[in-house]
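Worth saying up front: this structure is predicted, and the values here are computed from it rather than measured.
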Amino acid sequence: MNTYNKHYDVIVVGAGHAGCEAALAAARMGCETLIVTINLDTIAKMSCNPAIGGLAKGHLVKEIDALGGEMAINIDKTGIQFRRLNTKKGPAVRSSRAQADKKAYQDEMKRVLEAQPKLDIKQVMVEELLVEDGRCIGMLSQTKTAYFGETVILTTGTFLKGIIHIGDVSYSAGRAGESSAEKLSESFLNLGFEIGRLKTGTPPRVNAQTVDFSEMEIQPGDDDPLPFSFVTEEIAQPQLPCYLTYTNEGTHDIIRENLHRSAMYSGRIVGIGPRYCPSIEDKVVRFADKKEHQVFVEPEGRDTDEIYLNGISASLPEDVQVEMVHSIKGLENAEIMRFGYAVEYDFAPATQLQPTLETKKVPGLYFAGQLNGTTGYEEAAAQGLMAGINAALKVKGEEPLVLDRAQAYIGVLIDDLVSLDIREPYRMFTSRAEYRLALREDNADLRLTEIGRRIGLVDDDRYQQFETKAADIQTELTRLQETLLKPTVGTAFGFRLSAFGKKETSLPIADAFFADSHLENILKTGALKQPTSLADLLKRPELRYEHITEIAPPTEMLPSVVTEQVEIQVKYDGYIQRQQRQIQQFKKLENFRIPDTFDYTDVRGLKTEAREKLAKIRPTSIGQASRLPGVSPADISILTVILHQRSNQ
């Protein structure tokens, strides 16, 4: 065995979305960091859908950015179409999504990694973890070279004993055309980790030259695209359209007739697939009453004719995939460039982790990404960022960073993973976040940038920009709260306008009449009957912030990122305050800590299932304990009483 001549603070295995964020975070926090990957040409590769964001996933990307991560900045540079979703719904569920230039995204992320000080990048196949005295001290490569480090982060994606399935053909691969990692799983088992199998899939890609887009519905990007990163001023690059078409009864008949040839339905796949992103075979079987399913036709980049058929992920034989694609409107003559496939791989249930993503069994070893049972680039990147942060903090001897469910979607994600013993690919949804009105996409920077600054990931320029924005928001909120509109004395129409603070300034009758008419006739809202602040006026459902500025403009025009935040905070003030009260109750339970050494076996009154769950997960707080399946409110009451008694002894 050879020994590499440099000792690292943090070693990251895997250079997908989790690995990139982990390595950049650790290096930016001052740690000597190494990232290794099977193939340097596939750093940050989008194995499946070439897009970033989406419902709830956009929240994760914004939070990664607010903490000082890279994903948002990268998609802003390389995106080819930007859309904001759920714009007609409340701010809690609005999300951003961008179609990516797949190759440009990879190249840009590789460039960022290569330019990062304190970060080394190597093409290495890892075969074994090195453990000494129960602690992870490095890893051994396929060429029998040992790399030593204070901490190791595994972000192996779908590569652990990966098997690709296309119809009745199966072969070892972590991704089409790439080798799987065959021996690392054995190292896991030897260390006592539990391993399971999951499955995911990808659809066929077709040549744009052979697609009839005139038969499809065009889906353009937003006219004024909103950047993902809080530091990106604007999206300057031109956007490309996507398209929408549908499967039909003929498509479904082809699939039904060939289900026995599908790798999924022939019994050759044992791994569990994603419930919320099913294959087309699954859709046809599970939703037999549906006559059609959407197929989103999405370009993979500016300099390629390759088109991604989002919605028809399949493990059918190649001849069936051709017939299926040709049955869809606009794709009758489409030439398939890459066939769809299913990939099955090993994962490690995340209940084996601390909330820091450090393993319970082996100190110094962290897991992130699909290894933990998640699906999606955004979920992986969020975990990678947190693993990188916590590995760096451990090396520096500082307290770890754990975001809770009331701070971030990242907190919800990790808490679910380490608490719920999930056995199917996990995907983030807004419905998973019980405090989603407080965890909006638009306020991610207000929630998390101070934390990013404290741990060393937010630089001076970004922080100054953040402080200016936060100050502008507060100044405008104060102006709206203190500026009063008063009905004019002695006239049935018009009012007195106090435009600067609480100082009253009389308007001429003509001006007062104009303002009153503007409210009733133009803004279609009722005239004032009593003194009203601009903030209270803005709370009227029919009025927007721009309407208020027509009546009483600020001294300077404010950027849209400020005015959006002001409007949301004013309009939803009552709901936000109610949620803050709920969060305070939540915090009490989260702050009620359970000692690491607490013995559940001698707690009388706990149900057997609750005792087993608590002993296995070892929750860090009463709050986490209360969210464990099989632990009832009665169990929590008993546990709380016992902990109170022991703390008073």
Worksheet item: Going by atom types alone, do N390 and Y366 pair a side-chain donor with an acceptor below 3.5 Å?
Response: no
Practice prompt. Evaluate the salt bridge (Lys or Arg N to Asp or Glu O under 4.0 Å) criterion for residues K199 and E424: first the C-alpha distance (whole Å), next the side-chain angles of each, then the deciding distance (0.1 Å), finally the verdict.
Written response: CA-CA 9 Å; K199 166 256 172 189; E424 62 182 68; over 6 Å; no
Worksheet item: Would you say E63's side chain and I410's backbone share a donor-acceptor pair under 3.5 angstrom?
Response: yes
Worksheet item: Would a 4.5 Å heavy-atom cut-off, applied to side chains only, mark F193 and V362 as touching?
Response: yes
Practice prompt. Would you confirm whether Q481, through its side chain, and A535, through its main-chain N or O, come within 3.5 Å as a donor-acceptor pair?
Written response: no
Item to complete: Check each of N372, D416, T375 against Y426 using the side chain to side chain donor-acceptor pair (under 3.5 Å) test, and report the only one that passes.
Response: D416
Worksheet item: Would a distance-only check, ignoring hydrogens and angles, find a side-chain to backbone donor-acceptor pair under 3.5 Å from R453 to V458?
Response: yes
Worksheet item: Given the rule in the side chain to side chain contact (heavy atoms under 4.5 Å, CB included) test, do I636 and V631 qualify, once you have shown the distances and angles that lead to the verdict?
Response: CA-CA 7 Å; I636 293 300; V631 178; 3.7 Å; yes
Item to complete: Report, as yes or no, whether the 6.0 Å neighbourhood of atom NZ on K361 holds more than 12 heavy atoms from other residues, nucleotides or ligands.
Response: no
Response to the item:
Test side chain to side chain contact (heavy atoms under 4.5 Å, CB included), reference K62, set E378, K57, E441, M71, output is E441
Discussion item. Using a 3.5 Å distance criterion without hydrogens, assess whether the side chain of Q579 forms a donor-acceptor pair with backbone atoms of L437.
Written reply: yes
Worksheet item: Counting N and O atoms only, with roles assigned by atom type, does the side chain of D421 sit under 3.5 Å from a partner on the main chain of P349, one being a donor and the other an acceptor?
Response: no
Worksheet item: Okay, side chain of D404, backbone of A406: is any donor-acceptor separation there less than 3.5 Å?
Response: yes
Worksheet item: Looking at L85 and G54, what are the two nearest heavy atoms and their distance?
Response: CD1-CA, 3.9 Å
Discussion item. How about OH on Y575, more than 12 heavy atoms from neighbouring residues, nucleotides or ligands closer than 6.0 Å, or not?
Written reply: no
Fill in: Atom of R432, atom of V412 and distance for their closest heavy-atom approach
O-CG1, 3.5 Å
Fill in: Ion pair R440/D442, N-O distance below 4.0 Å
yes
Fill in: D536 bridged to K539 by N-O distance under 4.0 Å
yes
Fill in: Beyond-backbone contact of S621 with L589, side-chain heavy atoms, under 4.5 angstrom
no
Worksheet item: Do D346 and S185 have side-chain atoms, one donor and one acceptor, less than 3.5 Å apart?
Response: yes
Discussion item. Quick one: does any side-chain atom of T155 pair with a main-chain N or O of G14 as donor and acceptor, under 3.5 Å?
Written reply: yes
Worksheet item: Are the side chain of H59 and the backbone of A92 linked by a donor-acceptor contact shorter than 3.5 Å?
Response: yes
Discussion item. Looking only at the side chains, is there a donor atom on one of D635 and S632 sitting less than 3.5 Å from an acceptor on the other?
Written reply: yes
Worksheet item: Just wondering, do F228 and N74 contact through their side chains at under 4.5 Å, heavy atoms?
Response: no
Practice prompt. Assess the pair Y377 and Y105: is the distance between their ring centroids shorter than 6.0 Å?
Written response: no
Worksheet item: Is any side-chain N of the basic residue among E399 and R454 closer than 4.0 Å to the acidic one's carboxylate O?
Response: no
Item to complete: Taking all heavy atoms of Q116 and all of A27, pick out the closest pair and write down the distance.
Response: CG-CB, 3.8 Å
Worksheet entry | K89 backbone acceptor or donor facing R94 side chain under 3.5 Å | yes
Worksheet item: At their closest point, which heavy atom of G69 faces which heavy atom of L385, and how far apart are they?
Response: CA-CD1, 4.3 Å
Worksheet item: Looking at A23 and L119, what are the two nearest heavy atoms and their distance?
Response: CB-CD1, 3.8 Å
Worksheet item: Side chains of P619 and L614: does their closest heavy-atom pair fall under 4.5 Å?
Response: yes
Discussion item. Contact between Q577 and Q580 at the side-chain level, heavy atoms closer than 4.5 Å - yes or no?
Written reply: no
Item to complete: Considering only NZ, NE, NH1 and NH2 on the basic side and carboxylate oxygens on the acidic side, decide whether E590 and R405 come within less than 4.0 Å.
Response: no
Item to complete: Taking atom CZ of R544 as the centre, report whether more than 12 heavy atoms of other residues, nucleotides or ligands fall under 6.0 Å from it.
Response: no
Worksheet entry | Donor-acceptor pair between H7 and E150 side chains, under 3.5 angstrom | yes
Worksheet item: Are the charged groups of R28 and E70 less than 4.0 angstrom apart, N to O?
Response: yes
Item to complete: Sort out for me which residue in V152, T156, I153, T359 forms a side chain to side chain contact (heavy atoms under 4.5 Å, CB included) with F367.
Response: T359
Discussion item. Assess the residue pair L446 and F466 against the criterion (side chain to side chain contact (heavy atoms under 4.5 Å, CB included)); give the C-alpha distance rounded to whole Å, side-chain angles, the decisive distance to 0.1 Å, and a yes or no.
Written reply: CA-CA 8 Å; L446 299 178; F466 163 75; 3.8 Å; yes
Worksheet item: If you draw a 6.0 Å radius around CG in D599, do more than 12 non-hydrogen atoms from other residues or ligands fall strictly inside?
Response: yes
Worksheet item: Of all heavy-atom pairs between P225 and P227, which one has the smallest distance, and what is that distance?
Response: O-CD, 3.6 Å
Worksheet item: Ion pair present between E564 and R84, side-chain N to carboxylate O less than 4.0 angstrom?
Response: yes
Item to complete: Report the C-alpha distance between F598 and Y600 in whole Å, list the side-chain angles of each, state the deciding distance to 0.1 Å, and finish with yes or no for ring pair (Phe, Tyr, Trp, His ring centres under 6.0 Å).
Response: CA-CA 6 Å; F598 187 82; Y600 296 96; 4.9 Å; yes
Discussion item. Do the side chains of D445 and R462 get close enough for a salt bridge, i.e. N-O under 4.0 angstrom?
Written reply: no
Worksheet item: Does the distance from a Lys or Arg side-chain N to an Asp or Glu carboxylate O, for D9 and K118, drop under 4.0 Å?
Response: no
Worksheet item: Passes salt bridge (Lys or Arg N to Asp or Glu O under 4.0 Å), K360 versus E194? Steps please.
Response: CA-CA 12 Å; K360 296 174 182 176; E194 179 187 355; over 6 Å; no
Worksheet item: Do we see a donor-acceptor contact under 3.5 Å between the side chains of Q464 and D460?
Response: no
Worksheet item: Any side-chain heavy atom of Y345 sitting closer than 4.5 Å to one from L198?
Response: yes
Worksheet item: Got a salt bridge between E379 and R427, using NZ or NE/NH1/NH2 to carboxylate O under 4.0 Å?
Response: no
Worksheet item: Would a 4.5 Å heavy-atom cut-off, applied to side chains only, mark N443 and I568 as touching?
Response: no
Worksheet item: Does the side chain to side chain contact (heavy atoms under 4.5 Å, CB included) test come out yes or no for Q569 and I473, once each step is laid out?
Response: CA-CA 10 Å; Q569 290 193 32; I473 291 168; 4.0 Å; yes
Practice prompt. Starting from the C-alpha separation in whole Å, work towards a yes-or-no answer on side chain to side chain contact (heavy atoms under 4.5 Å, CB included) for Q584 and K587.
Written response: CA-CA 5 Å; Q584 288 173 9; K587 293 284 189 182; 5.6 Å; no
Item to complete: Without swapping roles, check the side chain of K394 against the backbone of E358 for a donor-acceptor pair under 3.5 Å.
Response: no
Item to complete: Establish, from distance only, whether the side-chain atoms of E450 and Y463 form a donor-acceptor pair under 3.5 Å.
Response: yes
Worksheet item: Taking the side chain as C-beta and beyond, is there a heavy-atom pair between C20 and I43 under 4.5 Å?
Response: yes
Discussion item. For S419 and Q624, which I'm curious about, is there any donor-acceptor pair between the side chains at under 3.5 Å?
Written reply: yes
Worksheet item: To the nearest 0.5 Å, how far apart are CD1 in I35 and CD1 in I11?
Response: 12.0 Å
Worksheet item: For the atom pair CG (L457) and CE (M29), what is the distance rounded to the nearest 0.5 Å?
Response: 5.5 Å
